[in-house]
Amino acid sequence: MHETVDLVWWISAVELPVMGGLFWLITRLRNDSESALEDLRVRAENAQAQVRESLAAYKLEVAKTYVSFATLKDVEQRLTDHLLRIETKLESGCFSDGGRR
């Protein structure tokens with residue numbers, strides 16, 4: 001009977017408070033981790049929104065300032081044609097005056 005009292009006393013005086021403390025610690029740790037995870041999720045979503053806004057602004061800037069490949073080819077062709085006409089005029093002018101300067 002003496003052992004039963006010691007066992008009951010041990011359970012009520014030591015093990016129950018320890019188990020309660022462990023339960024409280026685990027619960028608090030879980031709540032803290034969930035809170036930290038939620039904060040991290042919110043920060044990640046905000047960062048993602050900022051990146052999307054920056055990318056959209058960059059795409060708009062590119063669309064405003066850069067020319068299309070077709071336009072660039074057209075300008076190159078016009079410059080080439082004009083330079084060929086200038087070359088033709090210079091050649092015909094040099095031969096028409098007999099090489100005098």
Side-chain angles (χ1 to χ4, degrees):
M1 178 119 168
H2 183 58
E3 283 183 29
T4 308
V5 173
D6 287 342
L7 183 62
V8 170
W9 179 85
W10 179 258
I11 290 173
S12 62
V14 176
E15 288 189 16
L16 285 179
V18 168
M19 294 300 250
L22 284 174
F23 178 75
W24 175 80
L25 185 64
I26 290 170
T27 303
R28 181 171 175 190
L29 189 63
R30 182 177 179 187
N31 290 339
D32 289 349
S33 65
E34 286 177 356
S35 175
L37 187 60
E38 180 64 23
D39 290 344
L40 184 62
R41 186 188 63 78
V42 168
R43 286 181 24 210
E45 285 177 355
N46 290 340
Q48 184 181 23
Q50 288 177 348
V51 167
R52 285 184 181 180
E53 288 175 12
S54 296
L55 181 59
Y58 178 74
K59 285 180 177 181
L60 181 61
E61 183 66 24
V62 167
K64 286 180 181 178
T65 58
Y66 288 93
V67 296
S68 69
F69 188 70
T71 304
L72 188 60
K73 280 292 206 183
D74 180 51
V75 169
E76 179 187 18
Q77 186 60 47
R78 288 188 298 159
L79 284 172
T80 303
D81 292 345
H82 190 67
L83 288 172
L84 289 174
R85 285 195 309 268
I86 291 172
E87 182 181 3
T88 304
K89 286 181 182 179
L90 287 174
E91 286 176 355
S92 67
C94 288
F95 291 126
S96 66
D97 67 357
R100 296 179 295 190
R101 292 193 174 187

- Taking all atoms of both residues into account, what is the closest heavy-atom pair of Ser12 and Pro17, and its distance?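 Smallest interatomic distance, heavy atoms only, reads O-CD, 3.6 Å.
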
- Message: When you compare the side chain of Glu34 with that of Asn31, does any pair of heavy atoms fall below 4.5 Å?
- Response: yes

- Message: Counting C-beta onward and ignoring hydrogens, is there a side-chain heavy-atom pair between Glu76 and Leu72 closer than 4.5 Å?
- Response: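 No, their side chains stay 4.5 Å or more apart.
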
- Message: Check this for me: does any side-chain nitrogen of one of Asp74 and Arg78 sit under 4.0 Å from a carboxylate oxygen of the other?
- Response: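 Looking at Arg78 together with Asp74, the answer is yes, because their closest N to O distance falls below 4.0 Å.
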
- So, Lys64 and Glu61, do they make that salt bridge, N to O below 4.0 Å?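 Glu61 and Lys64: not salt-bridged.
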
Nearest 0.5 Å, please: how far is [atom2] in [Y] from [atom1] in [X]?
X	Y	atom1	atom2	value
Ile86	Asp81	CD1	CG	11.5 Å
Glu91	Leu84	CD	CG	9.5 Å
Asp32	Leu25	CG	CG	9.5 Å
Lys73	Thr80	NZ	OG1	9.5 Å
Glu87	Ser92	CD	OG	11.0 Å

- Query: Under 3.5 Å, is there a donor-acceptor pair between the Gln50 and Asn46 side chains?
  - Reply: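 No, because no side-chain N or O of Gln50 sits under 3.5 Å from a partner of the opposite role on Asn46.
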
